[in-house]
Q: 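Sharing a structure below in structure tokens format, with a few things to ask.
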Amino acid sequence: MPSDSEAANPLAIMEYISTRGGAAPLDFEQVTLAGLAGDGGLYVPSHWPKLAEGDIADMASLSYSEVAVRVMKPFVGDVLSEGELRDLCDKAYGRFAHKAVTPLVQLDGQHWLLELFHGPTLAFKDVALQLLGLLFEKFLARQDKHLTVVGATSGDTGSAAIDALAGREKVDIFMLHPDGRISDVQRRQMTTVLAPNVHNIAINGSFDDAQAMVKRMFADEQVMDRFAISAVNSINWARLMAQIVYYFYAASRLGAPHRKVAFSVPTGNFGDVFAGYVAAQMGLPVERLVVATNVNDILHRALRKGDYSADTVTPTAAPSMDIQISSNFERLLFDLEGRDGAKTAARMKAFEESRDMQIAPEMLEKAAAIFTSERVDPDSMTLAMSQAQEDSGQVIDPHTAIGLSAARSADIDPSVPIVTLATAHPAKFRDAVERATGMRPALPRRIGDLFDREEACDKLPGDYDAVKAFVTTHATAANG
Ligand SMILES: Cc1ncc(COP(=O)(O)O)c(C=O)c1O
Ligand SMILES: N[C@@H](CCOP(=O)(O)O)C(=O)O
């Protein structure tokens with residue numbers, strides 16, 4: 001738990017440093033607009049702020065928006081006043097279709113679902129991206145600058161980012177998705193947004209290929225000199241920060257800080273579960289974080305055996321988790337290695353060249369203090385969907401099913417509540433849900449006419465130069 005002095009001074013100035021140690025420290029406004037560090041690293045806070053037990057206990061009776069203010073304020077520092085942060089949270093979470101924003105649903109004596117899909121695009125990404133859109137707007141109004149957002153999506157980040165940024169002045173968004181490897185609903189949620197500042201690009205390749213191209217752009221001086229490039233993926237610290245909130249919100253309602261809570265997290269890019277790790281560093285009593293993967297199991301192999309070697313991506317019925325190179329794992333490695341940027345830089349450079357990394361037993365042991373992992377195969381995923389419907393009347397999506405199956409397999413004390421993050425609405429994956437349960441979920445009213453809308457999308461080869469040429473031709477220069 002936090003020391004008295006840390007708890008008493010949560011607003012000490014927060015600086016952000018790169019995991020690779022080669023970039024100047026930034027404040028919260030700068031880090032939000034920067035996205036990825038110039039040395040290729042990911043920004044992290046210079047220290048983990050601590051919340052006092054009493055503050056965590058108080059959260060049980062606060063609204064989601066108020067919990068968000070209390071959790072995020074130490075990361076924001078004095079870049080926004082508390083009133084400004086509260087206004088942004090009220091606005092962001094006011095767009096959610098459920099009063100609780102992220103309601104908890106009890107399945108049985110030990111298992112709960114945390115429904116994170118009540119935002120405009122029906123996945124957990126809205127929780128952070130609705131806020132990030134408003135943060136961009138606020139910070140760009142302070143700076144006379146035009147922002148070019150370049151992102152990669154395996155289905156959900158794209159629509160949430162586009163919803164948050166479509167039509168905003170001073171921002172263009174270029175969103176790369178793997179052609180043919182996302183659900184029809186996911187694709188249409190992006191490609192039917194016809195605002196002139198939105199550019200959808202289907203690339204021939206996997207999410208990993210798209211993500212690698214995005215990262216390469218941040219290191220490309222020809223692009224960076226002309227355009228102010230930023231990120232909406234969880235490589236952007238502000239994305240992760242907003243995702244820490246729901247761990248506090250859920251755990252405080254289940255008895256934290258006086259009771260430990262475990263979380264099972266369907267995982268791909270390691271962002272959502274890393275947010276849980278941060279919550280634990282801030283003082284939330286987290287019994288365990290279950291990293292639930294599908295057959296694209298690099299994280300399971302890494303946490304179980306130290307084998308972080310990237311295979312090719314296998315397309316599955318949980319396409320948003322079809323990822324083999326998990327960007328945010330670098331943030332964990334940085335912590336596990338004593339926050340030594342030079343070591344992390346050397347490790348990541350070697351990985352980028354060989355696509356292989358072995359993790360030392362002492363680092364694995366530290367990770368095992370909080371993380372455990374489970375690999376869920378397609379049959380277990382299908383079974384989790386049908387059982388959730390039969391036993392609890394809950395229709396769940398394939399990603400949530402992977403989380404729930406992992407939660408039920410993990411070795412966790414039966415007296416500890418386990419919260420599975422329900423990361424997407426079942427209507428986004430109607431074919432897979434229908435195959436598992438015989439039920440075809442209806443599209444929620446707000447996207448009821450999705451299949452009647454016109455689509456716009458450019459197709460490009462999985463080639464960096466082609467994507468760079470497209471972005472630099474269509475983007476607005478930083479100085480407008
Ligand atoms: C529905 C869904 N579940 C789980 C994940 C995995 O989350 P993360 O990439 O933060 O590990 C994603 C994609 O990010 C997703 O869209
Ligand atoms: N699953 C994501 C992939 C990117 O993850 P992010 O959290 O880093 O944006 C998606 O659906 O796009």
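Start at 1 and go down the list; that is how both ligands and their atoms are numbered.
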Q: Any Lys/Arg nitrogen of Glu137 or Lys170 sitting under 4.0 Å from an Asp/Glu carboxylate oxygen of the other?
A: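 Between Lys170 and Glu137 there is no salt bridge, as every charged N stays at least 4.0 Å from the carboxylate O atoms.
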Q: Give the atom numbers and elements of ligand 1 that come within less than 4.0 Å of a heavy atom of Ala424.
A: 1 (C)
Q: If every non-hydrogen atom of Arg288 is compared with every non-hydrogen atom of Ala369, which pair is closest and at what distance?
A: NH2-O, 3.0 Å
Q: Is there a nitrogen or oxygen of Phe270 sitting under 3.5 Å from a nitrogen or oxygen of ligand 1?
A: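 Checking ligand 1 against Phe270, an N or O pair does fall under 3.5 Å apart.
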Q: Could you tell me, atom by atom, which parts of ligand 2 come under 4.0 Å of a heavy atom of Phe207?
A: 3 (C), 4 (C)
Q: What do we get for Arg239 next to ligand 2 when only non-hydrogen atoms under 4.0 Å count, side chain, backbone, both or neither?
A: side chain
Q: What protein heavy atom is closest to atom 10 (O) of ligand 1, reported as residue, atom name and distance in Å?
A: Asp272 N, 2.8 Å
Q: Just wondering, more than 12 heavy atoms not from Asp411 lying within 6.0 Å of its CG?
A: no
Q: Write out the residue and atom name of the closest protein heavy atom to atom 9 (O) of ligand 1, then the distance separating them to 0.1 Å.
A: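 Looking at atom 9 (O) of ligand 1, the protein heavy atom closest to it is Asn269 N, 2.7 Å.
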Q: Are any of the side-chain nitrogens in Glu330 or Arg347 under 4.0 Å away from the carboxylate oxygens of its partner?
A: no
Q: Geometry only, no angles: is Gly271 polar-contacting ligand 1 at N/O separations under 3.5 Å?
A: yes
Q: Is there any N or O on Asn233 that sits under 3.5 Å from an N or O of ligand 2?
A: yes
Q: Taking NZ, NE, NH1 and NH2 as the nitrogens, is one of them in Lys459 or Asp179 under 4.0 Å from a carboxylate oxygen of the other?
A: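 Looking at Asp179 together with Lys459, the answer is yes, because their closest N to O distance falls below 4.0 Å.
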Q: Within a distance under 4.0 Å of any heavy atom of His399, pick out the atoms of ligand 1 and give their elements.
A: 1 (C), 2 (C), 3 (N)
Q: Applying the side-chain contact (heavy atoms from CB on, under 4.5 Å) criterion to Val376, which one of Pro266, Pro398, Ser405, Ser409 satisfies it?
A: Ser405
Q: In the protein, what heavy atom is nearest to atom 12 (O) of ligand 2, and what distance, to one decimal place, separates them?
A: Thr153 OG1, 2.6 Å
Q: Counting non-hydrogen protein atoms only, what is the nearest one to atom 2 (C) of ligand 1? Give residue, atom name and distance.
A: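 Here the closest protein heavy atom is Thr423 OG1, 3.5 Å.
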Q: Got the closest protein heavy atom to atom 4 (C) of ligand 1, with its distance?
A: Pro266 O, 3.4 Å
Q: Numbering the atoms of ligand 1 from 1, which are under 4.0 Å from a heavy atom of Gly268?
A: 6 (C), 7 (O), 8 (P), 9 (O), 11 (O)
Q: Heavy atoms only, cut-off 4.0 Å: how does Asp156 contact ligand 1, side chain, backbone, both, or neither?
A: side chain
Q: Please confirm whether Gly155 comes under 4.0 Å of ligand 1, counting heavy atoms of the residue only.
A: no
Q: Suppose we call two aromatic rings close when their centres sit under 6.0 Å apart. Are Phe28 and Trp237 close by that rule?
A: no
Q: At their closest point, which heavy atom of Leu336 faces which heavy atom of Lys366, and how far apart are they?
A: O-NZ, 2.9 Å
Q: Looking at the rings of His399 and Phe429, which for Trp means the six-membered one, are their centres under 6.0 Å apart?
A: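 Between Phe429 and His399, which both carry aromatic rings, the centre distance is below 6.0 Å.
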Q: May I ask whether Gly155 has any heavy atom positioned less than 4.0 angstrom from an atom of ligand 2?
A: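 In this structure, Gly155 qualifies as a contact of ligand 2 - some heavy atom is under 4.0 Å.
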Q: To which protein heavy atom is atom 11 (O) of ligand 2 closest, and what is the distance rounded to 0.1 Å?
A: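 Minimum-distance protein heavy atom for atom 11 (O) of ligand 2 reads Asp156 N, 2.7 Å.
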Q: Between Trp48 and Arg331, is there a cation-pi geometry (under 6.0 Å to ring centre, at most 45° from the normal)?
A: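 Ring-cation test returns no.
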Q: For the rings on Phe263 and Tyr246, is their centre-to-centre separation under 6.0 Å?
A: no
Q: Strictly under 4.0 Å, does any heavy atom of Thr267 approach an atom of ligand 1?
A: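 Thr267: in contact with ligand 1 (<4.0 Å).
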Q: Taking both backbone and side-chain atoms of Thr157, is any N or O found less than 3.5 Å from an N or O belonging to ligand 2?
A: yes
Q: Starting from atom 8 (O) of ligand 2, locate the nearest protein heavy atom and write down its residue, its atom name and how far away it is, to 0.1 Å.
A: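 The closest one turns out to be Ser234 OG, 2.6 Å.
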Q: When you measure from the heavy atoms of Lys125 to every atom of ligand 1, does any distance fall below 4.0 Å?
A: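 The answer is yes: ligand 1 sits under 4.0 Å from a heavy atom of Lys125.
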Q: Which residue and non-hydrogen atom of the protein lie closest to atom 5 (O) of ligand 2, and at what distance in Å?
A: Lys125 NZ, 3.4 Å
Q: Please check if the distance between the ring centroids of Phe329 and Tyr308 is under 6.0 Å.
A: yes
Q: Does Asp397, backbone or side chain, put an N or O under 3.5 Å from an N or O of ligand 1?
A: no
Q: Can you pull out the closest protein heavy atom to atom 3 (C) of ligand 2? Residue, atom name and distance to 0.1 Å, please.
A: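 Among all protein heavy atoms, the one nearest atom 3 (C) of ligand 2 is Ser154 OG, 3.2 Å.
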Q: Among Gln211, Arg187, Met190, which residue meets the side-chain contact (heavy atoms from CB on, under 4.5 Å) test with Thr153?
A: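 With Thr153 as partner, side-chain contact (heavy atoms from CB on, under 4.5 Å) holds for just one option, Met190.
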Q: Has Phe124 got any heavy atom lying under 4.0 angstrom from an atom of ligand 1?
A: yes
Q: Could you check whether Phe174 and His199 have their ring centres less than 6.0 Å apart?
A: yes
Q: If we check side-chain hydrogen bond (donor to acceptor under 3.5 Å, both in side chains) with Lys125, which of these qualifies: Asp156, Asn233, Thr157, Asp163?
A: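 Only match with Lys125 under side-chain hydrogen bond (donor to acceptor under 3.5 Å, both in side chains): Thr157.
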